[in-house]
Amino acid sequence: VAPPALSTESSSARGALLSQAPNGGQIAGSPFAVPVRPAPIEPRTCVLDRPPPGVATCGEPLLLTLRARDRFGNAAAAGDAAARLARATLRAGEDVSEAEVREAEPGVFELRLRPTSSGDGVAAVTLDGAHIGGSPSPISLLPSTAHAPSFTILEPWPDGWPDMVAGEV
């Protein structure tokens with residue numbers, strides 16, 4: 001008599017369904033549900049679903065999306081990565097912008113940066129101090145678009161308009 005065959009009907013980091021089928025028949029009670037937890041997060045296998053662009057503009061928000069993974073590539077458990085997400089930074093010259101981090105869904109994090117200085121820079125995302133895959137990444141930061149000052153005259157000058165010079169009061 002051949003030993004029963006054990007097959008995986010479906011599996012993920014959240015669980016698996018196993019069934020036995022000796023001689024082509026199914027044993028009563030199968031398939032069996034087996035819970036599977038992901039291993040601890042491994043920075044080298046984490047990925048940036050939305051990596052930094054090659055070029056960004058100062059003052060404009062920059063959104064990166066991090067997908068935390070364990071060493072086998074399984075999606076991370078909720079909360080595990082939140083406690084370990086150390087830092088996401090954007091550096092241009094001496095200026096460093098820190099990211100606001102929020103968990104968008106279990107194991108998926110949005111990193112919001114707003115660059116403040118132009119020049120060639122580096123975007124870095126680390127977990128427990130270790131760079132994730134694709135980090136650090138070079139980025140060129142362009143100056144923001146100039147905005148001309150504007151004003152509105154509410155009432156006319158009582159004795160006519162005096163001569164005015166820019167920069168003087």
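Every value quoted in this text rests on a predicted model; they were computed, and no experiment measured them.
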Work out which heavy atom in [X] is nearest to a heavy atom in [Y]; give both atom names and the distance.
X      : Y      : value
Ala124 : Ser135 : CA-OG, 3.3 Å
Leu141 : Pro115 : CD2-CB, 3.9 Å
Ile139 : Pro52  : CD1-CB, 4.4 Å
Ser140 : Asp120 : OG-OD1, 3.2 Å
Ser97  : Leu113 : O-CD2, 3.5 Å
Ala104 : Glu110 : CB-CG, 4.0 Å

Given side chains that start at C-beta, do those of [X] and [Y] come closer than 4.5 Å, heavy atoms only?
X      : Y      : result
Pro53  : Leu62  : yes
Cys58  : Ser118 : yes
Val125 : Leu48  : yes

*Quick one: name the residues clustered hydrophobically with Leu142, using the 4.5 Å side-chain heavy-atom rule over I, L, V, M, F, W, Y, and just say none if it's on its own.*
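Via sub-4.5 Å side-chain contacts, Leu142 links to Val55.
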*Could you go through the side chain to side chain contact (heavy atoms under 4.5 Å, CB included) check for Val108 and Thr65 one step at a time?*
CA-CA 7 Å; Val108 178; Thr65 305; 3.7 Å; yes
*List the steps, then state whether side chain to side chain contact (heavy atoms under 4.5 Å, CB included) holds for Leu111 with Leu63.*
CA-CA 6 Å; Leu111 314 164; Leu63 179 66; 6.0 Å; no
*Could you tell me whether Arg112 and Glu100 make a salt bridge, using a distance below 4.0 angstrom between a side-chain N and a carboxylate O?*
no
*List the steps and the verdict of side chain to side chain contact (heavy atoms under 4.5 Å, CB included) for Arg67 and Val47.*
CA-CA 5 Å; Arg67 186 169 302 273; Val47 294; 3.8 Å; yes
*Is there a donor-acceptor contact under 3.5 Å from the side chain of Thr45 to the main chain of Asp70?*
yes
*asked:* Donor-acceptor check, side chain of Glu103 to backbone of Gly107, threshold 3.5 angstrom: yes or no?
replied: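 Yes; at least one donor-acceptor contact below 3.5 Å.
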*State the CG-CZ distance between Leu66 and Arg69, to the nearest 0.5 angstrom.*
10.0 Å
*For Thr126 and Ile132, what are the C-alpha separation, side-chain angles and deciding distance, and is it a side chain to side chain contact (heavy atoms under 4.5 Å, CB included)?*
CA-CA 6 Å; Thr126 58; Ile132 67 160; over 6 Å; no
*Name all residues meeting the salt bridge (Lys or Arg N to Asp or Glu O under 4.0 Å) criterion together with Arg114; count only those two or more places apart in sequence or in a different chain, and write none if there are none.*
none
